[in-house]
Amino acid sequence: MTKKLPWTDEEVAELFRLRDVEQLMFKDIDVRLNRRAGASWQKYDAVASANGKRIKPEPGAITISVTEQQIAERAARAALSHRTLTAAFFGDPLPGYSALDRRRGNGDAR
């Protein structure tokens, strides 16, 4: 059974030692401290934020990255005119092109 009690000062100190010194992942810290999933990250984040520290994302965490090609494609799409503002916002294909053209390899679909 996992704890749902308030954190003690000793547990918070152990949390920071496990994370900063031993560099354990939060899921492993949760198990060691007998806390529910995500509790150690929430406590670490709250205490670190209060002290002005920023937390680096955990290895394997979901990150959003944009490639140079995606940026170039966005710029090219922004330069094209659409029939309506809604079509431009949702990225609808230009008149005469299908959304499947690019997937099938039948051209640039511009």
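Here the structure is a predicted model, which is why all the values come from computation and not from measurement.
- For the residue pair Gln42 / Arg35, no side-chain donor-acceptor distance below 3.5 Å is found, with atom types taken as modelled.
- Two residues are said to be in side-chain contact when any heavy atoms from C-beta on lie closer than 4.5 Å; Phe16 and Val21 fail this criterion.
- In this view, Val31 satisfies the side chain to side chain contact (heavy atoms under 4.5 Å, CB included) rule with no residue, not counting sequence neighbours.
- Checked by atom type and distance alone, the side chain of Glu11 pairs as donor or acceptor with a backbone atom of Thr8 at under 3.5 Å.
- Remark: the backbone N or O of Phe26 is paired with a side-chain donor or acceptor of Ser40 at under 3.5 angstrom.
- For the atom pair CG (Asp30) and CZ (Arg36), the distance works out to 8.5 Å, reported to the nearest 0.5 Å.
- For the atom pair CG (Leu18) and CG (Leu33), the distance works out to 5.5 Å, reported to the nearest 0.5 Å.
- Every side-chain hydrogen bond (donor to acceptor under 3.5 Å, both in side chains) that Arg17 has, sequence neighbours left out, goes to Glu14, Glu22.
- Taking all atoms of both residues into account, the shortest heavy-atom contact from Ile29 to Leu15 is CG2-CD1, 3.6 Å.
- Stacking of Arg19 on the aromatic ring of Trp41 is not recorded, the 6.0 Å distance cut-off and the 45° axial limit not both being met.
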